[in-house]
Amino acid sequence: MLIFRQQIPLITHLRRRREEGLRIGFVPTMGALHEGHLSLIRQSRAANSLTVCSIFVNPTQFNDPKDLEKYPRPVEKDMELLLEAGGDVLYLPSAKDVYGGKAEVTETFDFGGLENRLEGASRPGHFAGVAQVVKLLLDIVQPDQLILGQKDYQQCLILRRLVDQLHMPVTVVMCPIFREPNGLAMSSRNVRLTPELREEAKYIYQSLLKAAVELKELPVQEIIDRAIAFLNRQPGFQVDYFEILNAEDLQPVHSISDAEKMVIITSVIVGGVRLLDNVLVG
Ligand code: AMP
């Protein structure tokens, strides 16, 4: 695996590989890699001849400086995991290499309000930071495929719109959520949970599955209210949002017939750690 800390040599290397006819899959991450990330690497390898992964904890998408500071950065272990999973190229830049100067959002995009809902409402400016850094990374890597995880469903929708708006010749591929044995969606943040809360966090996925079943028989608002009440009853849990939405545009649905495909999506703060999960229905 080749490791690049600077974009110029990486761009030169990838240009050569592209000229040789290789198809490039790109998996952007913030590191602290787990099986969820590695499943994206495997997906990339299955469909591309060269897999590039980036590890960059992007400061502009954190609105809470403590969250940025506490974000785990086990770089040596990440490199081993990537090597084992078959990553070909790792881009491991400093903020200066990505932004060329101060890391700040200088270019904003209009995602039709999608960026201000759910995660965007709780973390103002988050998606502006995500969109800008992914655009910068895509300009560097110029992949054929951008491989993302469904765990960050809203992010997938926003980045799809980003590449459409910019007419980038890249296909966005969304991979299923990889889970711990108890059903908890894998996340770099899970290591911050106590062992007890990590076990109890299974209730998040269970509540999503239950809501998906209830959709056939109960009114949408009642399902949501029940799920929120159930989750908030668990010690140390605080629901930020739990919604049932049209999977295409994240607009609310009032009944099962309102959309062909729906997403049941939640963010729950468990022991001070923000956890995301969702299931697709229909
Ligand atoms: P992050 O390092 O958290 O920014 O995540 C990098 C990529 O991995 C994003 O596209 C995430 O959606 C994806 N990802 C994170 N957790 C999982 C998971 N449990 N299953 C599948 N993909 C994931």
Side-chain angles (χ1 to χ4, degrees), residues 25-47 51-64 67-68 70-75 77-79 81-82 85 87 90-93 95 98 118-119 123 126-138 141 143 145-163 170-193 198 201-202 204-205 208 247 263 265-268 270 273-280:
F26 177 43
V27 182
T29 80
M30 298 203 299
L33 302 181
H34 50 66
E35 276 301 319
H37 296 115
L38 302 181
S39 71
L40 307 192
I41 299 286
R42 292 189 191 104
Q43 169 65 39
S44 171
R45 279 170 54 85
T51 291
V52 180
C53 175
S54 63
I55 297 181
F56 177 54
V57 184
N58 174 36
T60 70
Q61 69 192 66
F62 285 81
N63 51 335
D64 175 359
D67 195 23
L68 172 62
K70 281 196 227 157
Y71 205 86
R73 293 168 172 85
V75 178
K77 186 166 169 246
D78 283 351
M79 288 186 198
L81 289 173
L82 263 183
L90 168 61
Y91 178 42
L92 188 62
V98 173
L118 307 174
E119 286 305 288
R123 305 174 68 188
H126 170 67
F127 286 117
V130 169
Q132 173 161 321
V133 79
V134 172
K135 176 184 180 283
L136 292 169
L137 294 170
L138 287 173
V141 178
Q145 285 193 345
L146 171 64
I147 294 134
L148 304 171
Q150 183 196 320
K151 187 175 82 75
D152 299 280
Y153 187 75
Q154 188 179 9
Q155 173 171 283
C156 287
L157 291 188
I158 284 176
L159 295 179
R160 270 206 180 122
R161 290 194 184 183
L162 177 81
V163 302
V170 54
T171 308
V172 176
V173 177
M174 185 173 80
C175 298
I177 302 175
F178 208 92
R179 297 181 179 281
E180 299 197 359
N182 69 355
L184 170 65
M186 284 200 179
S187 162
S188 306
R189 291 195 165 91
N190 292 356
V191 293
R192 284 168 50 197
L193 296 167
R198 193 159 174 164
K202 67 185 173 200
I204 299 173
Y205 184 43
L208 292 167
V263 62
I265 189 163
T266 188
S267 166
V268 187
V270 176
V273 183
R274 195 181 167 75
L275 302 175
L276 305 185
D277 204 348
N278 67 80
V279 295
L280 287 166

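First listed ligand is number 1; within each ligand, the first listed atom is number 1. Index from 1, following the sequence.
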Does an N or O anywhere in [X] fall below 3.5 Å from an N or O of ligand 1?
| X | answer |
| --- | --- |
| S188 | no |
| Q155 | no |
| C175 | no |
| I147 | no |

Top protein contact for [atom], by heavy-atom distance:
| atom | result |
| --- | --- |
| atom 10 (O) of ligand 1 | G149 N, 2.9 Å |
| atom 6 (C) of ligand 1 | P28 O, 3.4 Å |
| atom 5 (O) of ligand 1 | H37 NE2, 3.4 Å |
| atom 20 (N) of ligand 1 | F178 N, 2.8 Å |

Could you report the tightest heavy-atom contact between [X] and [Y], atom names first, then the distance?
| X | Y | result |
| --- | --- | --- |
| N278 | L208 | N-CD1, 3.6 Å |
| R45 | A85 | CD-O, 3.3 Å |
| P93 | F56 | O-CD1, 3.8 Å |
| G31 | D78 | CA-OD2, 3.4 Å |
| Q150 | V279 | NE2-CA, 4.4 Å |
| A185 | N190 | O-ND2, 3.1 Å |

Mind checking the CE-CG spacing from M79 to L33? Nearest 0.5 Å is all I need. 10.5 Å
Please compare M186, Q43, K151, Q61 and report which has the shortest non-hydrogen distance to atom 19 (N) of ligand 1.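 Comparing heavy atoms across M186, Q43, K151, Q61, the nearest one to atom 19 (N) of ligand 1 lies in M186.
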For atom 14 (N) of ligand 1, which of the options I41, L146, D152 provides the nearest non-hydrogen atom? D152
Which atoms of ligand 1 sit under 4.0 Å from any heavy atom of [X]?
| X | answer |
| --- | --- |
| I177 | 20 (N) |
| M30 | 1 (P), 2 (O), 4 (O) |
| L40 | 7 (C), 8 (O), 10 (O), 13 (C), 22 (N) |
| P176 | 20 (N), 21 (C) |

Quick one, L280 and Y153 - any side-chain contact, counting heavy atoms below 4.5 Å? yes
Atom CZ of R274: over 12 foreign heavy atoms under 6.0 Å: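 More than 12 within 6.0 Å, yes.
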Sole residue of K202, R179, K151 in salt bridge (Lys or Arg N to Asp or Glu O under 4.0 Å) with D277: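 In the set K202, R179, K151, the residue that makes a salt bridge (Lys or Arg N to Asp or Glu O under 4.0 Å) with D277 is R179.
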Region of H34 engaging ligand 1 - heavy atom pairs below 4.0 Å: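 Under 4.0 Å from ligand 1, H34 contributes side-chain atoms alone.
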